[in-house]
Colleague: 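Got a structure for you, questions after.
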Amino acid sequence: MFKTLKEDIEVVFEQDPAARSYLEVILTYSGLHAIWAHRIAHALFKRKFYFLARVISQISRFFTGIEIHPGAKIGRRLFIDHGMGVVIGETCEIGDNVTLYQGVTLGGTGKEKGKRHPTIKDNALIATGAKVLGSITIGENSKIGAGSVVLKDVPPNSTVVGIPGRIVVQNGKKIKKDLNHRDLPDPISDRIHEMEQEIKRLREEIENLRKGEKENANSTL
């Protein structure tokens, strides 16, 4: 148990260059507090002390802004950076050395029963505001871009961006383009562009019709 707690602290120093001292990390890092509270709540949940486990998880949510269901299974060295708004569902399974940023949701779609939340394999990274929904698997060493919505399995060593999420890098080979938060797909912008193209096409058709009418009028004269 103490080894696990020590690892939880050490991963903060490895992942966050702003971490300066053990005292600062232990007292001020809400992600660490949420993980520790969950480890206690999960131990109680496994022993069927469901009510007490939920009480601890809700107290942790109140103080940290991070909601982790006590039934979720979390491996070693999970790092939650900032963490506000993170939600982890009951049947979620998280492997070792996983990184989550603020606003991440590991939730359900509302359609499944039983295993209804994601499985996140070792060394995965899920960036700010990403939503991973349903009983899907995010493979080892994969990355989910900020703001992405992932509804399908992601193979190992992949980078996923967009709404819905699509693979842009796999096994180090670019499929379309690399992860760049500035270039994330914008469905509203794409739709506006489509409308502009449609308007341009209609204007060309109207201009052609006008030309045809003029030619017909001139021929009758």
Side-chain angles (χ1 to χ4, degrees), residues 11 15 31 34-35 38-39 41-42 45-46 53-54 57 60-61 65-181 183-188 190:
V11 74
Q15 297 277 11
I35 292 168
H38 172 73
R39 297 201 188 284
H42 184 64
F45 189 88
K46 289 194 299 183
R54 288 305 301 268
S57 70
S60 173
R61 176 192 178 191
I66 299 168
E67 181 173 352
I68 308 176
H69 192 284
K73 298 177 181 178
I74 294 178
R76 298 169 46 240
R77 298 168 56 83
L78 172 65
F79 177 58
I80 301 177
D81 195 8
H82 298 294
M84 180 61 69
V86 167
V87 177
I88 300 175
E90 178 184 7
T91 60
C92 187
E93 298 178 22
I94 299 176
D96 299 335
N97 299 300
V98 171
T99 299
L100 307 179
Y101 287 88
Q102 66 268 24
V104 166
T105 298
L106 306 179
T109 63
K111 298 178 181 179
E112 299 103 340
K113 294 183 179 179
K115 180 70 169 74
R116 58 193 184 278
H117 299 107
T119 296
I120 313 298
K121 295 293 188 177
D122 296 349
N123 306 308
L125 182 149
I126 304 179
T128 305
K131 314 301 177 187
V132 183
L133 306 176
S135 182
I136 61 176
T137 298
I138 307 300
E140 293 88 348
N141 307 306
S142 289
K143 299 177 181 179
I144 309 300
S148 300
V149 177
V150 184
L151 303 172
K152 296 181 180 179
D153 289 344
V154 175
N157 307 303
S158 300
T159 297
V160 173
V161 300
I163 304 173
R166 68 179 188 276
I167 299 171
V168 294
V169 175
Q170 188 170 4
N171 295 317
K173 182 179 179 180
K174 292 184 181 180
I175 294 177
K176 188 170 183 181
K177 59 183 178 180
D178 203 350
L179 176 62
N180 187 329
H181 293 177
D183 299 328
L184 289 178
D186 185 343
I188 296 176
D190 291 344

Colleague: Enter the distance from Leu78:CG to Ile120:CD1 here, rounded to the nearest 0.5 Å.
Modeller: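 Between atom CG of Leu78 and atom CD1 of Ile120 there are 10.5 Å.
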
Colleague: For side-chain contact (heavy atoms from CB on, under 4.5 Å), just list the numbers for Phe79 and Ile35, CA-CA rounded to whole Å, side-chain angles, deciding distance to a tenth of an Å, and then say yes or no.
Modeller: CA-CA 9 Å; Phe79 177 58; Ile35 292 168; over 6 Å; no

Colleague: Indicate yes or no for a side-chain donor-acceptor contact from Lys152 to the backbone of Arg166 under 3.5 Å, with no hydrogens or angles considered.
Modeller: no

Colleague: So, taking the atom named CE in Met84 and the one named CD in Gln102, what distance separates them when rounded to the nearest 0.5 Å?
Modeller: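 One gets 10.0 Å once the value is rounded to the nearest 0.5 Å.
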
Colleague: Working to the nearest 0.5 Å, report the span between NZ of Lys143 and CG of Asn157.
Modeller: 10.5 Å

Colleague: Spell out, as yes or no, whether a donor-acceptor pair under 3.5 Å connects the side chain of Asp153 to the backbone of Thr137.
Modeller: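 Yes; at least one donor-acceptor contact below 3.5 Å.
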
Colleague: Please check if the number of heavy atoms outside Lys73 that lie under 6.0 Å from its NZ is greater than 12.
Modeller: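 Atom NZ in Lys73 is not crowded, with 12 or fewer foreign heavy atoms closer than 6.0 Å.
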
Colleague: Take Ile144 and Val104 through the side-chain contact (heavy atoms from CB on, under 4.5 Å) test and state the conclusion after the steps.
Modeller: CA-CA 10 Å; Ile144 309 300; Val104 166; over 6 Å; no

Colleague: Would you name the heavy atoms of Phe45 and Ala53 that are closest together and state the gap between them?
Modeller: N-CB, 3.9 Å

Colleague: Look up atom CD1 in Ile74 and atom CD in Glu93, then write down how far apart they are to the nearest 0.5 Å.
Modeller: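 Here the rounded value is 11.5 Å.
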
Colleague: Is the backbone of Ala72 close enough, under 3.5 Å, to the side chain of His42 for a donor and an acceptor to pair up by distance?
Modeller: yes

Colleague: Provide the closest heavy-atom pair for Ser148 versus Val161 in the form atom of the first, atom of the second, distance.
Modeller: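 Taking every non-hydrogen atom into account, OG-CA, 3.2 Å.
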
Colleague: Report the distance from atom CD1 of Ile138 to atom CD1 of Ile126, rounding to the nearest 0.5 Å.
Modeller: 6.0 Å

Colleague: Do other residues, nucleotides or ligands put more than 12 heavy atoms under 6.0 Å from the CZ atom of Arg61?
Modeller: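 No.
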
Colleague: Side chain of Ser142, backbone of Thr159: donor and acceptor closer than 3.5 Å?
Modeller: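 Answer holds: no.
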
Colleague: Evaluate whether atom NZ of Lys121 has more than 12 neighbouring non-hydrogen atoms of other residues, nucleotides or ligands under 6.0 angstrom away.
Modeller: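 Open.
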
Colleague: Within the 3.5 Å criterion, strictly below it, is a donor on Asn97 or Asp122 matched to an acceptor on the partner's side chain?
Modeller: no

Colleague: Give me the atom names and distance for the closest heavy-atom approach of Gly107 to Pro118.
Modeller: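 Looking at all heavy atoms of both residues, the closest pair is O-CD, 3.4 Å.
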
Colleague: Between atom CD of Gln15 and atom OG1 of Thr99, what is the distance when rounded to the nearest 0.5 Å?
Modeller: 4.0 Å

Colleague: Is there a donor-acceptor pair under 3.5 Å between the side chain of Ser135 and the backbone N or O of Lys115?
Modeller: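 Yes, because the side chain of Ser135 sits within donor-acceptor range (under 3.5 Å) of the backbone of Lys115.
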
Colleague: Quick check: does any side chain N or O of Thr91 sit under 3.5 Å from a backbone N or O of His117, one acting as donor and the other as acceptor?
Modeller: yes

